[in-house]
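Hydrogens, waters and symmetry mates play no part in the numbers below; they use all other heavy atoms, side chains included. Every chain is numbered from 1, with letters handed out A, B, ... down the list of sequences.
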There are 2 protein chains.
Amino acid sequence: MPINRRLAATTARLLPGSKQTGSSRRVLEAAIKLFAEHGYASASVRDIAAAAGVKPATIYAHYPSKEHILAEVCRIGHEEQYRGVRSAVLGSGADPRDQIVAYVSAHVGFHTTYPMLAVVSNSELHVLREELSATTFLLRRQSEDLMQEIITRGMQGGQFHVPDRWLAVAAIGGMGLRVAYWFSPEHGLTAGQVADGYAEFALRLLAARDGHGKHTAAT
Amino acid sequence: MPINRRLAATTARLLPGSKQTGSSRRVLEAAIKLFAEHGYASASVRDIAAAAGVKPATIYAHYPSKEHILAEVCRIGHEEQYRGVRSAVLGSGADPRDQIVAYVSAHVGFHTTYPMLAVVSNSELHVLREELSATTFLLRRQSEDLMQEIITRGMQGGQFHVPDRWLAVAAIGGMGLRVAYWFSPEHGLTAGQVADGYAEFALRLLAARDGHGKHTAAT
DNA sequence: AAGCTAACCGAACGAACGTTAGTTAGGCAA
DNA sequence: TTGCCTAACTAACGTTCGTTCGGTTAGCTT
């Protein structure tokens, strides 16, 4: 087991409810695994075909180009992530603290459940032409906006206090993103423990130590 | 200005004190910029040569292979990062809170000063064979261990309280890593503001909200 | 049985890849 | 001047890349 793996996970998981079937789906799963482990440019169409149990030419019966495969993977990944955090927040109470806990738990949960999908969606997106990545960037933006709205409401209500709300979004989002790289079921921590821990971290990060941010200056 | 850039920074900075000179250094700087923007596999030797104002074959007079160029970049990046956090911590007081502030400020400072170097060092390292990445992984490990030691001392002294100390290292480290991707001098926040903000975030994250972690259970 | 459709494959295309061999130009010691 | 060294160059090597094209199968409909 080499130490210089790109991520700790070893198996690719596509969404159980994906509408893809047969070879089309196996190609997608193989692409997720290979893109995650070696990167988009280093994973050849021949590699993907072999991993999917198919010949290279067959791939082009399902996808118009290698780039479109990546675009589909990124779209699926960001769609599931946004769906997850959105439904979690909607299912929580009206207290911004509950909403942040729900958001971060769902966010981390996505990265522990679909680590390879998360790695590809986040670190290979830049190779896509804007035409193919526009939808995905919109989804990412919506996820960020959702967190920022929660934080803004929390600051107005006095539950949260941060020097800069955008910086808090970047910090909380960033620490969640990295989970996909190191998380593994054999790591010693369960997915639930990581989600709970990060939710607690996010709460601490947003709430001033004196407990009531109303009395300190904000930007 | 396309939206799907891999990172916000536009200019590569090599360390001012690097011993490299002339073409050798220009090749290194060009490689940092191209590896950061397009990834190791997508940046060809011909691209690097053109950016360095040199012909492809000339590169092999300075580096034995493309892989060795990346290895050198990763080594320089991790060396500077470790040097930075280490000297910052040594220059701070004995209070773990001061040490964490010093560590995180230096860590974030590295990622805002050398964003391209940081992006390459952290996200392209996995393509290196173990033989070429061993030194770099050692440096990364030392940086992580340093933060963990600070946190451990802070927990023993009652200043810090976290459910899992390794999880705290991962969270603080992860949020700092991401800074290299979005930070830009034109972003609205100065490097100092980001460093101060993240240092504050790290302190909050480590210190229980009741202010004295001694009274709550630890794992 | 004939015909259609979707899926798949073998073979090959031109382009780009990392790398190498051999050559040239300039500076310097003898 | 001669010889040597360094640093850069030109040209090309063999390989792999993404992609395409023509043809073959399997399964269903009529």
Side-chain angles (χ1 to χ4, degrees), chain A residues 4 14 18-74 120 124-133, chain B residues 4 14 18-74 120 124-133:
Chain A
N4 56 341
L14 192 52
S18 176
K19 60 183 178 301
Q20 307 275 9
T21 59
S23 293
S24 177
R25 177 176 182 125
R26 286 207 315 281
V27 167
L28 218 53
E29 287 173 329
I32 290 173
K33 180 172 168 64
L34 291 172
F35 288 167
E37 290 176 343
H38 308 300
Y40 172 78
S42 297
S44 73
V45 173
R46 286 165 176 83
D47 294 337
I48 298 170
V54 144
K55 299 299 173 184
T58 304
I59 288 184
Y60 290 86
H62 299 278
Y63 302 96
S65 76
K66 183 188 177 186
E67 198 178 359
H68 281 80
I69 301 177
L70 177 60
E72 178 74 357
V73 171
C74 290
V120 175
E124 301 293 339
L125 187 53
H126 66 101
V127 314
L128 291 177
R129 283 173 290 125
E130 281 198 56
E131 165 198 1
L132 285 174
S133 60
Chain B
N4 54 343
L14 192 52
S18 177
K19 59 183 178 298
Q20 307 275 8
T21 60
S23 292
S24 177
R25 179 178 180 121
R26 287 208 314 283
V27 167
L28 218 54
E29 286 172 329
I32 290 173
K33 180 172 167 64
L34 292 171
F35 288 167
E37 289 176 343
H38 308 300
Y40 172 78
S42 296
S44 72
V45 172
R46 285 166 177 83
D47 294 337
I48 298 170
V54 143
K55 299 298 174 184
T58 303
I59 288 185
Y60 290 86
H62 299 278
Y63 302 96
S65 78
K66 184 187 177 187
E67 200 178 358
H68 282 79
I69 301 177
L70 176 60
E72 179 74 356
V73 171
C74 291
V120 175
E124 301 292 341
L125 186 53
H126 66 100
V127 313
L128 291 177
R129 284 173 290 124
E130 280 197 57
E131 165 197 0
L132 285 174
S133 60

So, with a heavy-atom separation below 4.0 Å from DNA chain C, the residues of residues 33-49 of chain A are A:R46
Could you tell me which non-hydrogen atom of [X] sits nearest to which non-hydrogen atom of [Y], and how far apart they are?
| X | Y | answer |
| --- | --- | --- |
| B:E37 | A:H126 | O-ND1, 3.6 Å |
| B:I69 | B:A31 | CG2-CB, 3.6 Å |
| A:V73 | A:V120 | CG1-CG1, 3.6 Å |
| A:A43 | A:F35 | CB-CD2, 3.7 Å |
| B:L128 | B:S133 | CB-CB, 3.8 Å |

So, does A:Y63 use its side chain to make a donor-acceptor pair with the main chain of A:L70 at under 3.5 Å?
no
Which residues share a side-chain hydrogen bond (donor to acceptor under 3.5 Å, both in side chains) with A:R46, sequence neighbours left out
none
The side-chain hydrogen bond (donor to acceptor under 3.5 Å, both in side chains) partners of B:N4 (sequence neighbours excluded) come to none
Please report the end-to-end axis angle for the helix from C:dA1-D:dT30 to C:dA30-D:dT1, five pairs per end, rounded to 10 degrees.
10°
Protein within reach of the bases, or only the backbone? For nucleotides 3-9 of chain C, mark each nucleotide 5' to 3' as B, S or -, using heavy atoms under 4.0 Å.
-----SB
For DNA chain D, which nucleotides open and close the run of contacts to chain B, 5' to 3', at under 4.0 angstrom from a non-hydrogen atom?
D:dA8 to D:dA12
Take the protein atom CD of B:E67 and the nucleotide atom C1' of C:dT19, then report the distance between them rounded to whole Å.
14 Å
